[in-house]
Amino acid sequence: MGTQVVQTLRQGVWASLTGGWYHEPDQNKFNNSCHLYLWIFLLMLPLSLHLALPPTTIALSIYCTSITVFFILIKLANYRLHLMFDEGEAVVRSSLSDLSKVQEKKSNASDSCLPARQGESASEEKPIEGGLYPRPEPSPDDLSSPNPDQAAPLLQAQQRPPSRAERQEMHPGSAGGKMDTEMNENGVLHEGMDVQSSLMGTDRVQADQERTAEKDSVQDRTEDKDCEEIADGETADEGLPSSKGSEDESEEESEGQKEVSDANNNSLETPKDSQDDFVDAPEPPAQVTEFMWTSTQEKPTRKIYYKLELFPGKWINILYDRLTLLALLDRNQDVLENLFSVFMAFLVSFLGFVLLNHGCFKDFWVFQFCLVIASCQYSLLKGHNPLVAYSRATYFCIFCALIWLLEQLLRLKDLPVSTLCLLCHVLTGFTYCFPITFLVGLFPQINTFTIYLLEQIDMHFFGGTAATSLISAIYSILRSLIAVCLLYGFCFGALKEPWDEQHTPALFSGFCGLLVVFSYHLSRQSSDPSVLLSLIKSKVMPALPGLLNIAAAPPSCAPQKEILLSDVVICSVAYILTFAITASTVFLSLRPFVTIVLYALAGTVGFVTHYLIPQLRKHHPWLWISHPILKTKEYHQFEPREDAVLMWFERLYVGLLCFEKYVVYPAIVLSALTNDGFALSHRKKLGIHCDVLLTTVAGLKLLRSSFCDPSFQFLTLLFTLVFFHFDCPHASESFLLDFFIMSIIFHKMRELLLKLHFILVYIAPWQIAWGSAFHAFAQPFAVPHSAMLLLQTLLTTVFYTPLAPFLGSAIFISSYPRPIKFWERNYNTKRIDNSNSRLVSQVDKETGCDDNNLNSIFYEYLTRSLQHSLCGDLMLGRWGNYSSGDCFILASDYLNALVHLIEIGNGVVTFQLRGLEFRGTYCQQREVEAITEGVEEDDACCCCEPGHLPHMLSCNAAFNLRWLAWEVMATKYLLEGYSISENNAATMLQVYDLRKLLITYYLKSIIYYLVHSPKLSTWLKDAAIQEALQSYTKWHHIERDPQVFSVKIDEDYVHCLQGVTRASFCNVYLEWIQYCAGKMETPVESDEDSPLVTLSYALSVLGRRSLGTASHNMSNSLESFLYGFNTLFKGDFRIATKDEWVFADLDLLQKVVAPAVRMSLKLHQDHFTCLEETEEASILYEAITNYRSSLVICHESDPAWRKAVLSSRDTLLTLRHMIDDGTDEYKIIMLYKRHLSFKVIKINKECVRGLWAGQQQELVFLRNLNPERGSIQNSKQALRNMVNSSCDQPLGYPMYVSPLTTSYAGTHHTLRSIGGGALSLDAIRSWLCTKWLRSVYLISSQYGGDRLPPRDSGSLEWDGCQKPALSTVAAVLPLTSLILSPPPAPCPSLPLSPPSFLNPSFTHYFQNSILYRPCVNSRGSLNGMCICICTCVWFTLKLLSS
């Protein structure tokens, strides 16, 4: 505990204060000294220049130039050294020529720069190609120098010998350390010469190879231990491989620290035997030898230099390594990053010294400001967190630029000086407090801050939706700015000149039409540009590969294409209607009557739609009634088997919602635009440009907000009218601006109420859940600081930052601002199976055998189901009211998932699902019980139990429900999913007779798959197979393997012969072979002596022997039998020598034996339900045939399992090996696709954001890794454990975290049935064709009466040609080609007669009409388009005449 506190204070607190500098005991003295003097230099340079020189441009130039040149030199040297390590040439110097040269070598190695000596012998300098020693890049997070006590300059450090893996790579075939290389005069290695022989002579090497090999093993164990100690601290941030590469690099580092002598006969250094000969001492053990070298003399080691080329042909030898360099300075990956770092250093120095010259800081604050400058510049060289290296410098530049701008504005006149001064002092104070603000984490990473800032601007000023990434935020703000710029020109032209009430300018009507069109189109688009760009790429630029780098599965373009096609029609109609309405001057002529009617209509519709209906549909309406008033059909069903039925109140809700979004609020905004535009054309309030800009922005924001999420628009409208007409009428400018400002204020007020509700619920004394002793202390301590808590709540509401409970206690502290998406990383769960794991892990142990990995597929399927239905269900009101950032929990029998709504658009919803563990912790189970148990039976009122009124809750129940941060919205929400049925395999195979039955089904399945294989004839005629199976053709051949065959489990076992024979096999299975063969289309010989029986017998022996090999001794132990059967089930077959004939065609294993193992498990399960039926050959054959087509049987690590689940296969079966608390269990798991019933629980979103932020601070900053920490203990009122466990790993432990998924309203079938789907040109044409055909049927029925085809007839007969008919609007597209184009073959042309479904009298009239002749072309056939038009005209004339 003490070490952890010291580490937190050093690396967390002190590093935050200084910008990254702290003393690291694990680093060497040189690195720590460099860091200290570097930080002192950056601190004292601006302070000394400011105190010594007058505040002139010369002092500014000196400081900026010095810092720039200093950073250029450091970055250039750092970049060149890393480039040298990547591409440079390693030079190995040997120090073992003789004992007299040891000291000389040491003195030479201590020089900073060692010029290359051309005359050195090959034994002293050996260049090594850069590719000889693979050096993966280590992570800069966890670094350690070779020796903590070593104080070496930059160009001098003790190097490490090569690792064991490198030596093995250099000597792949030499155990004694020889390498067939040759060295030329320049020291380059070539093949053909033994370097070790050239150094010491081959006679010394070959004398004691056995002794050297023994020392080699000892030294290898030492190196492996050192490797493990170093490799544990490294991470994979820089792309380190997790196994060999990083271990080799760490092993080299460890050996360099401890200076362990290499006992291998390495070709690049003298072997240990030769060293013993030099000292002329008897050979002691390896440990004694190492001690003698250490204690008696300087241990001879090799040294690896790197050639750093300064000029062409001129280089110096660098004695350094990459790990020590990374510990000294952070690495910049490319040239642009280095240039950006230099630019940021220059900008920090420039802006900081400009403020010093302006006299913004006095006395002690000059030193404090210089300390802030030094911390910002130091973070660009060696930050304690490389991911946020530029954040501190960027924030400093932003604050200094704002202060400088305010200083310039203060020199101008006619400006509010007091306000500007106050703002300038506030910014200056924040700049002083940079070390403290970064310490407590009030500033996020710069990329997170950019997303947050752009998202807030787009949402509050332009009515945009949430951003999902930095690219998404930039894309959203750019499209909003482009729309504003286009609209600004039209509005400016319309308001430039005054106009009267009787005539609205056409330019203003065009502006209103474009405003509605842009608002509607932008509300329908997702903020993620990848979907739109994918569509453009597939349609416009299909030949340009690599335009988008879309991970995993690219987004589907079909819904987006449907939206774009629909917007073409709807935007055109909306523009025409808007232009006509605004040009009619109805809003000016009928004011204020029109506005009053619209306000009343908006209030009434909003109240019914967003308050009354959702309350009546809640599980506990108004938290007083015990059951919903408006119930769905599934409410009283135990297990619904069909899709949710569309209810009348859902139709009403959708109708009112569309009427509100597309009629009421556009009319209100257009009325306000017209009235305000008329007023502004006569009197400019803030200037023409400002008035036009505010009008455009306000109109765009209000319309987009109404289209996207009108849930709270009626309340915003009510607050606007009450506040600006009654409370503060003098503050009103215009209704449009009042509505715009109140929409922002009301949004913040809702956030404030949610925060206050979360705080009160969380700290309520009667339901506080103390998770630790600190919670008990913090509860009374937080009471005197309530005023501070209220101030924090107000500030966090303004800046949209989470208010997190400190360590889960009643003390709340503010966190840094985050976007709605909250998490910086795009963390997604990657399921482990055979497609993304090593083969050795699949053979030695089961891949991803833990329950969380295997069960994550169910949450993935649940995500797919939500993708199709979530947006439509939200629009149907099945989840109640919703908005961006809301969090819901879906709870069922075993699935518990948190759904985070991120982006809410008009028919578009982006969400993320976080699945929790099936078998969660004790705390999770208590919270699951809290949300699933009912309170209807509670009869208590205070201390007594008087009962409650019918259909009402008791007083205690109603009171408790009001003190929860969550609420049950629905109890029977249906989603398509899988129900899981599991049985213990040990119970089903405990008895030997049951195992015998399984083996019987196993062999019968082998015979079935063999007979049904398309390669059967090939196998029967294969000479190699027939020759290998000669022994199986003999009737006296006996298989007597006691570990494979046993009387207990083999039905064809002959006890007197102690084995299995061909005769016994035929006695049991010949009838089944002949039955299966009789079902084949091509007859196959199946008598006792046939090749088919021989092959069946051989495969049965192979299958049982494979099972016995995997089980070790399957006849005696149930555990070994289950282990072996599970091994075969997952496809791991260990073929014995006797059965190697099967390798002639691996399909015998993959297509016959492997599926037979899996089918036998299902047949064995069916045996318990229908024993008599499965004994008959016909029933068994039919069962296997049906299961082949309808049932998926495979192991869960097989990629086919995931594919089958995501493809919505009806039934699946698998065998799962579960290891729980050291006990092995084998479960037979059966999946059935059906509709799952979920409870929908809505959680206070500020509660979720606060708990997530608290976990992030506790685990990352405070480093509290206690798995039983108090902040994750159960708290029923806030669902603390469930919320915290849903955090991204490693903060939480979710079973599955989905990628950001977008759901479209067009994919919801029930919603499409209400509105008929998206409106497009094709849909309109199809609808017209449908109506025309119906009219043809109706008129024809007047002439015949009985010839009208039914409405849902399957086809229409057109003179003998069958064409598809229309039963729904969606099915009319094939009919369009029938009517609008000549029919295809086999009907090349229409005869000279109308369709045969018309009455003969009708045909006579039609053929005699003048409209019939123009429809006949030169070939004598009818033109489809012409016949349609002419028939419509003829029908019209006939109807008019009659």
Side-chain angles (χ1 to χ4, degrees), residues 6-48 66-67 69-82 85 112 138-158 233-234 237-238 253 257 318-332 338 341-342 344-345 348-349 367 370-393 396 434-435 438-439:
V6 172
Q7 188 178 10
T8 301
L9 292 176
R10 183 175 62 245
Q11 298 183 5
V13 178
W14 184 254
S16 298
L17 295 175
T18 60
W21 170 71
Y22 63 93
H23 180 268
E24 180 57 65
D26 295 334
Q27 299 296 333
N28 57 34
K29 297 178 182 178
F30 173 71
N31 283 358
N32 283 322
S33 301
C34 284
H35 292 163
L36 175 61
Y37 290 120
L38 179 62
W39 193 83
I40 292 176
F41 169 76
L42 295 176
L43 171 64
M44 297 307 298
L45 181 62
L47 182 62
S48 58
S66 303
I67 291 296
V69 172
F70 180 71
F71 267 77
I72 288 176
L73 293 177
I74 290 182
K75 292 295 181 181
L76 181 61
N78 192 22
Y79 180 77
R80 290 285 290 123
L81 288 175
H82 279 290
F85 289 133
S112 299
S139 170
D141 294 334
D142 299 302
L143 301 172
S144 60
S145 60
N147 191 348
D149 298 327
Q150 179 183 2
L154 177 62
L155 302 181
Q156 176 189 353
Q158 184 64 36
E234 295 183 358
D237 292 345
E238 293 288 331
E253 182 66 16
Q257 291 179 13
I318 304 296
L319 187 60
Y320 212 56
D321 63 275
R322 188 193 298 274
L323 288 178
T324 311
L325 179 60
L326 286 172
L328 179 65
L329 296 169
D330 287 340
R331 180 182 183 182
N332 298 115
N338 282 285
S341 299
V342 174
M344 290 301 299
V348 168
S349 59
F367 174 80
C370 291
L371 188 145
V372 172
I373 294 176
S375 65
C376 295
Q377 292 173 343
Y378 185 85
S379 65
L380 297 173
L381 293 174
K382 184 60 183 174
H384 65 288
N385 186 357
L387 296 177
V388 290
Y390 305 106
S391 298
R392 189 182 292 247
F396 179 83
F434 255 43
F438 276 96
L439 172 63

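Everything numeric in this text was worked out from a predicted model, so none of it was measured.
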Under the 3.5 angstrom rule, does the side chain of Asp330 hit a backbone N or O of Leu380 as a donor-acceptor pair?
no
Tell me the closest heavy-atom pair linking [X] and [Y], and the distance in Å.
| X | Y | value |
| --- | --- | --- |
| Arg392 | Ser375 | NH1-OG, 3.6 Å |
| Phe85 | Arg322 | CB-NH2, 3.2 Å |
| Cys34 | Leu328 | CB-CD1, 3.6 Å |
| Ala327 | Gln27 | CB-OE1, 3.0 Å |
| Asn31 | Thr324 | ND2-O, 3.5 Å |
| Tyr378 | Gly20 | CE2-C, 3.5 Å |

Listed partners of Ser379 passing side chain to side chain donor-acceptor pair (under 3.5 Å), at least two apart
none
Results of side chain to side chain donor-acceptor pair (under 3.5 Å) for Asn338 - residues two or more places apart only:
none
Decide yes or no on side chain to side chain contact (heavy atoms under 4.5 Å, CB included) for Leu329 and Lys75, but give the supporting numbers first.
CA-CA 9 Å; Leu329 296 169; Lys75 292 295 181 181; over 6 Å; no
Take Phe71 and Gln377 through the test side chain to side chain contact (heavy atoms under 4.5 Å, CB included) and record every step on the way to the result.
CA-CA 9 Å; Phe71 267 77; Gln377 292 173 343; 4.0 Å; yes
Listed by chain and number, what are the side chain to side chain contact (heavy atoms under 4.5 Å, CB included) partners of Ile72, not counting sequence neighbours?
Thr68, Val342
Under the side chain to side chain contact (heavy atoms under 4.5 Å, CB included) rule, collect the residues that match up with Ser33, sequence neighbours excluded.
Tyr37
With a 4.5 Å heavy-atom cut-off, do [X] and [Y] have their side chains touching?
| X | Y | answer |
| --- | --- | --- |
| Ser341 | Tyr390 | yes |
| Phe70 | Leu45 | no |
| Lys382 | Trp39 | no |

Reported [atom1]-to-[atom2] distance for the pair [X] and [Y], which is rounded to 0.5 angstrom:
| X | Y | atom1 | atom2 | value |
| --- | --- | --- | --- | --- |
| Leu81 | Asp321 | CG | CG | 11.0 Å |
| Tyr22 | Leu36 | OH | CG | 14.5 Å |
| Thr18 | Leu43 | OG1 | CG | 11.0 Å |

For Phe434, which residues count as a ring pair (Phe, Tyr, Trp, His ring centres under 6.0 Å) partner, sequence neighbours excluded?
Phe399, Phe438, Phe443
Phe367: ring pair (Phe, Tyr, Trp, His ring centres under 6.0 Å) partners, not counting sequence neighbours
none
I would like to know whether Ile67 and Leu42 meet side chain to side chain contact (heavy atoms under 4.5 Å, CB included); could you show each step before the answer?
CA-CA 8 Å; Ile67 291 296; Leu42 295 176; 4.1 Å; yes
